[in-house]
Amino acid sequence: MWRNNTMVAIKKHHQWDLNYREAVKLQKKLSGSVILSDGFSRVKKIAGVDVRYVKNSDKILCAVLVFSYPSLEIIEEKYVFSKVTFPYIPGLLSFREGPVVEKCFAKINNIPDLVFFDGHGYSHPRRFGLASHMGVILDIASIGCARSLLCGNYDKSSLHEEKGSYSYIIDGNEIIGVALRTRGNTKPVFVSAGNKISLESAVKYTLLVSKYRIPEPVKLAHNFLKNINVV
DNA sequence: GCGACAG
DNA sequence: ATCTTGTCGC
């Protein structure tokens with residue numbers, strides 16, 4: 001492990017250019033490095049990450065926005081362009097978006113205590129979604145916040161309409177995440193632990209930064225990218 | 001073999 | 001993800 005000149009921890013790691021078989025094998029291996037308990041004391045800075053694809057091109061961009069917590073004021077915002085080299089395969093999203101995300105984090109000067117990702121963490125076939133993968137590589141606490149289910153099921157009848165209500169996502173015989181109502185009378189969001197955090201804390205912080213359906217950190221990162229001119 | 005399948 | 005306006009509902 002080393003640190004680049006901008007202070008953000010970057011772990012010396014694997015290559016992203018792998019085939020399906022190798023990627024799955026790597027996920028199984030790295031999933032053993034995931035920590036499912038809180039690896040932070042005080043949360044003073046949180047970040048939101050999002051990736052945008054440019055139509056009819058191989059252009060891809062990523063934005064990382066860092067906010068003060070709990071005031072949620074923007075401390076830093078960085079973005080970066082790159083090219084997509086890996087196809088979209090359910091379960092292997094990190095191999096498609098990981099490279100840009102990593103590249104963007106290298107530009108961040110403020111190390112966040114907690115990072116929100118637009119995708120799953122533990123609620124993944126091999127318990128190693130984008131949020132987990134990036135959390136391990138960046139050695140940071142992360143939360144997976146997806147807009148749709150990738151695997152597992154949850155009891156819709158026990159999920160009430162008020163904000164804060166949730167029901168566990170079950171896969172096999174274990175709890176892998178929760179379907180969380182971040183806003184009343186709105187479709188839930190699927191939250192799971194990424195790395196260095198418990199599911200309970202993931203739910204807690206997600207609710208604390210949600211005004212609408214999508215948690216503010218991720219939502220703002222998304223809007224930030226939407227306003228960038230991509231010619 | 002069939003269906004499911006983050007962004 | 002992306003192509004896209006209005007429209008229904010709280």
Side-chain angles (χ1 to χ4, degrees), chain A residues 16 20 23-24 27 30-31 34 48-64 79-104 115-137 142-154 156 160-163 165 169-172 176-195 199 202 206 210-215 217-219 221-231:
Chain A
W16 292 106
Y20 183 92
V24 169
Q27 291 185 319
L30 293 182
S31 63
V34 173
V49 184
D50 193 37
V51 172
R52 171 186 171 187
Y53 297 87
V54 178
K55 58 178 180 179
N56 302 318
S57 80
D58 58 353
K59 276 197 179 75
I60 187 175
L61 34 171
C62 174
V64 174
Y79 75 95
V80 65
F81 277 92
S82 191
K83 289 187 177 182
V84 217
T85 58
F86 201 89
Y88 169 65
I89 299 173
L92 295 183
L93 182 64
S94 62
F95 290 87
R96 183 173 170 78
E97 305 190 341
V100 227
V101 174
E102 184 178 43
K103 188 176 176 183
C104 196
V115 184
F116 285 82
F117 284 92
D118 183 22
H120 291 92
Y122 193 75
S123 48
H124 174 280
R126 288 166 292 283
R127 311 295 182 252
F128 200 65
L130 176 69
S132 309
H133 200 150
M134 299 318 295
V136 167
I137 283 183
S142 60
I143 293 175
C145 192
R147 288 160 296 167
S148 61
L149 223 47
L150 173 59
C151 69
N153 292 290
Y154 67 99
K156 295 183 179 177
H160 301 181
E161 291 299 328
E162 335 83 60
K163 173 176 181 177
S165 176
I169 299 174
I170 309 294
D171 189 30
I176 60 176
V178 306
L180 176 68
R181 198 78 77 184
T182 47
R183 184 182 186 183
N185 305 82
T186 302
K187 178 182 177 179
V189 129
F190 306 93
V191 178
S192 63
N195 184 41
L199 176 59
T206 296
S210 296
K211 292 180 181 175
Y212 304 103
R213 185 186 176 224
I214 305 302
V218 174
K219 185 190 176 189
H222 184 78
N223 290 333
F224 177 84
L225 286 177
K226 195 168 62 180
N227 292 319
I228 293 178
N229 297 312
V230 287
V231 181

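Letters A, B, ... mirror the listed sequences (proteins, then strands); counts begin at 1. It should be emphasised that the depicted structure is a prediction, and the values quoted were computed from it without experimental measurement.
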Indicate, with a heavy-atom threshold strictly under 4.0 Å, whether [X] touches base, sugar-phosphate, or nothing.
X      : answer
A/N56  : nothing
A/L149 : sugar-phosphate
A/G91  : base
A/L61  : nothing
A/R147 : sugar-phosphate

What is the distance, rounded to the nearest whole Å, between atom [atom1] of [X] and atom [atom2] of [N]?
X      : N     : atom1 : atom2 : value
A/I169 : B/dA6 : CD1   : P     : 13 Å
A/R213 : B/dA6 : CZ    : C1'   : 12 Å
A/Q27  : B/dA6 : CD    : P     : 14 Å
A/H120 : C/dA1 : NE2   : P     : 13 Å
A/I89  : B/dG7 : CD1   : P     : 16 Å
A/K187 : C/dG9 : NZ    : P     : 20 Å
A/L93  : B/dG7 : CG    : P     : 8 Å
A/F116 : B/dA6 : CZ    : P     : 22 Å

Checklist entry - Is A/E161 paired with A/R181 through a side-chain N to carboxylate O contact shorter than 4.0 Å? => result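 Result for this pair is yes, salt bridge flagged.
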
Item to check | Closest-nucleotide 5' rank along DNA chain C - winner of A/H222 and A/N185 | outcome: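 Going by which nucleotide is closer to the 5' end, it is A/H222.
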
Checklist entry - For A/V51 and A/R183, take the nucleotide of DNA chain C holding the closest heavy atom to each; which residue's nucleotide lies nearer the 5' end? => result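 Of the two residues, A/V51 wins.
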
Item to check | A/Y88 aromatic ring stacked with six-membered ring of C/dA1, 5.5 Å and 30° | outcome: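 Stacking between A/Y88 and C/dA1: absent.
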
Checklist entry - Between A/F86 and A/R96, is there a cation-pi geometry (under 6.0 Å to ring centre, at most 45° from the normal)? => result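 Judged by the rule (NZ or CZ under 6.0 Å from the ring centre, within 45° of its axis), A/R96 is not positioned above A/F86.
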
Next on the checklist: Quick check for you: among C/dT2, B/dA6, B/dG7, whose closest atom lies nearest to any side-chain atom of A/R52?
Outcome noted: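 It is C/dT2.
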
Next on the checklist: Quick check for you: among C/dT2, B/dG7, B/dA6, whose closest atom lies nearest to any side-chain atom of A/K55?
Outcome noted: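 Closest nucleotide among those given: C/dT2.
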
Checklist entry - Tell me, do A/C62 and A/V49 make a side-chain contact under 4.5 Å, heavy atoms counted? => result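 Answer yes - side chains close enough.
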
Checklist entry - Is the closest side-chain donor-acceptor distance between A/E97 and A/Y88 under 3.5 Å? => result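 Side chains of A/E97 and A/Y88: no pair found under 3.5 Å.
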
Checklist entry - Within the structure, does a side-chain N or O atom of A/S123 lie under 4.0 Å from either OP1 or OP2 of B/dA6? => result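 Checking A/S123 against B/dA6: no side-chain N or O falls below 4.0 Å of OP1 or OP2.
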
Next on the checklist: If you apply the rule side chain to side chain contact (heavy atoms under 4.5 Å, CB included), what do you find for A/F190 with A/L150, and how did you get there?
Outcome noted: CA-CA 9 Å; A/F190 306 93; A/L150 173 59; over 6 Å; no

